[in-house]
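A short write-up of the structure that comes next.
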Amino acid sequence: MLSCQQVTELVSASQERPLNFKEKVKLRMHTVMCSACRNFESSMGTLRKAMQEFAKGEHNTTDKKD
Amino acid sequence: MTGSTDNIETIAQPTLGEASKLHDAEYLEELRLQMIKFANLQINDPHLAEDAVQEALIGAFKKADSFAGRSAFKTWVFAILKNKIIDILRKRQRLAEVSDLINNDDEGEALNSLFDKKGHWNPDDKPSSWGDPEKSFKQEQFWVVFETCLNNLPGNQAKVFMMREYIGLDTEEICKEVDLTVSNLHVMLYRARLRLQKCLELKWYGGEAHA
Ligand SMILES: [Zn+2]
């Protein structure tokens, strides 16, 4: 059984490379039971989307009008 | 990714329009400040950042007459800026000594404190549900918080994270550019993500701010 810390490492790794079968199974076995890690996993998806949005340069804090 | 300027041409070419707005000094100054902020997030050298912005603006102005409006111009100018930033990062052989990047144990310890000895989340640090997180993307205030969180990342983490997620370079390319091993890079990206998750949860999703 993976620890939460190992799970967060694996979730981060999954954004860099495809996980292998064994890793996927271990990850799923943990997140099925652990809501904190489930939340972490989905927040990583949000973070990536937010960065893509941010990279468009449309949301600028100094933006007053456009 | 190959030559950094190639892909500019593939970005939607703007058509004719109200170029006159682009000569509004106040608007341009505002745009310039935004660009400098972006460049500074990735290049630790204010002069280099300033130069990149200058060049991007000059490059964009050559085509200014063909823009349909400000937002098309802005998209264009940021696309050029990104490419300038990639060029600058490419020219830098190393970010810093690897030992500084990784063996910074204060950083490792700070993040390890999110977990107990067995590697389980400490009660106060358990990530909570963010609900419908993308709803927040429509709120200007969210982006203020987001940028604050990015700015709070330690310098080297910020750099590799921005190369990865903002510029969109892949692992292999970043490792080559900054002379890191894949596993060192992964550690840095992991730490940056943990920090950002924590920061966004504290300053936005976990609080009342977005409700
Ligand atoms: Zn867990």
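Chain A is the first sequence line, chain B the second, and so forth, proteins listed ahead of strands; every chain is numbered from 1.
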**Message:** If you count heavy-atom pairs within less than 4.5 Å of chain A, which of B:K126, B:H186, B:R164 leads?
**Reply:** B:R164

**Complete:** Under 4.5 Å to a heavy atom of chain A? For B:L200 that would be side chain

**Prompt:** Who pairs with B:K118 by side-chain contact (heavy atoms from CB on, under 4.5 Å), at least two apart in sequence or on another chain?
**Reply:** B:D116, B:H120

**Message:** Please classify the contact between A:Q6 and chain B as side chain, backbone, both or neither, with a heavy-atom cut-off of under 4.5 Å.
**Reply:** neither

**Fill in**
Cut-off 4.5 Å, heavy atoms of chain A, and the answer for B:L150 is side chain

**Message:** Regarding B:C199 and B:C149, I want to know if their SG-SG distance comes in below 2.5 Å, which is how I'm defining a disulfide.
**Reply:** yes

**Pair B:N151, B:T148: side-chain N/O donor-acceptor within cut-off below 3.5 Å** = no

**Request:** For the pair A:M44 and A:L47, evaluate side-chain contact (heavy atoms from CB on, under 4.5 Å) and give the outcome as yes or no after the intermediate values.
**Result:** CA-CA 5 Å; A:M44 288 300 102; A:L47 182 57; 4.1 Å; yes

**Fill in**
Under 4.5 Å to a heavy atom of chain A? For B:L196 that would be side chain

**Complete:** chain B shares the most heavy-atom pairs under 4.5 Å, among A:N39, A:V11, A:V7, with A:N39

**Request:** Check whether B:Y190 gets within reach of chain A through its side chain, its backbone, both or neither, counting any heavy atom under 4.5 Å.
**Result:** both

**Item:** Chi angles and distances behind the salt bridge (charged side-chain N to carboxylate O under 4.0 Å, His left out) call for A:E23, A:R17
**Value:** CA-CA 12 Å; A:E23 288 169 329; A:R17 61 174 175 86; 2.9 Å; yes

**Asked** Checking B:E134 against chain A: side chain, backbone, both or neither under 4.5 Å from a heavy atom?
**Response** side chain

**Complete:** Greatest number of non-hydrogen atom pairs under 4.5 angstrom with chain B, of A:A13, A:A50, A:S3, falls to A:A50

**Trace of the side chain to side chain donor-acceptor pair (under 3.5 Å) decision for A:T46 with B:W130** = CA-CA 9 Å; A:T46 303; B:W130 288 3; over 6 Å; no

**Request:** Just say parallel, tilted or perpendicular for the rings of B:W143 and A:F54, cut-offs at 30° and 60°.
**Result:** parallel

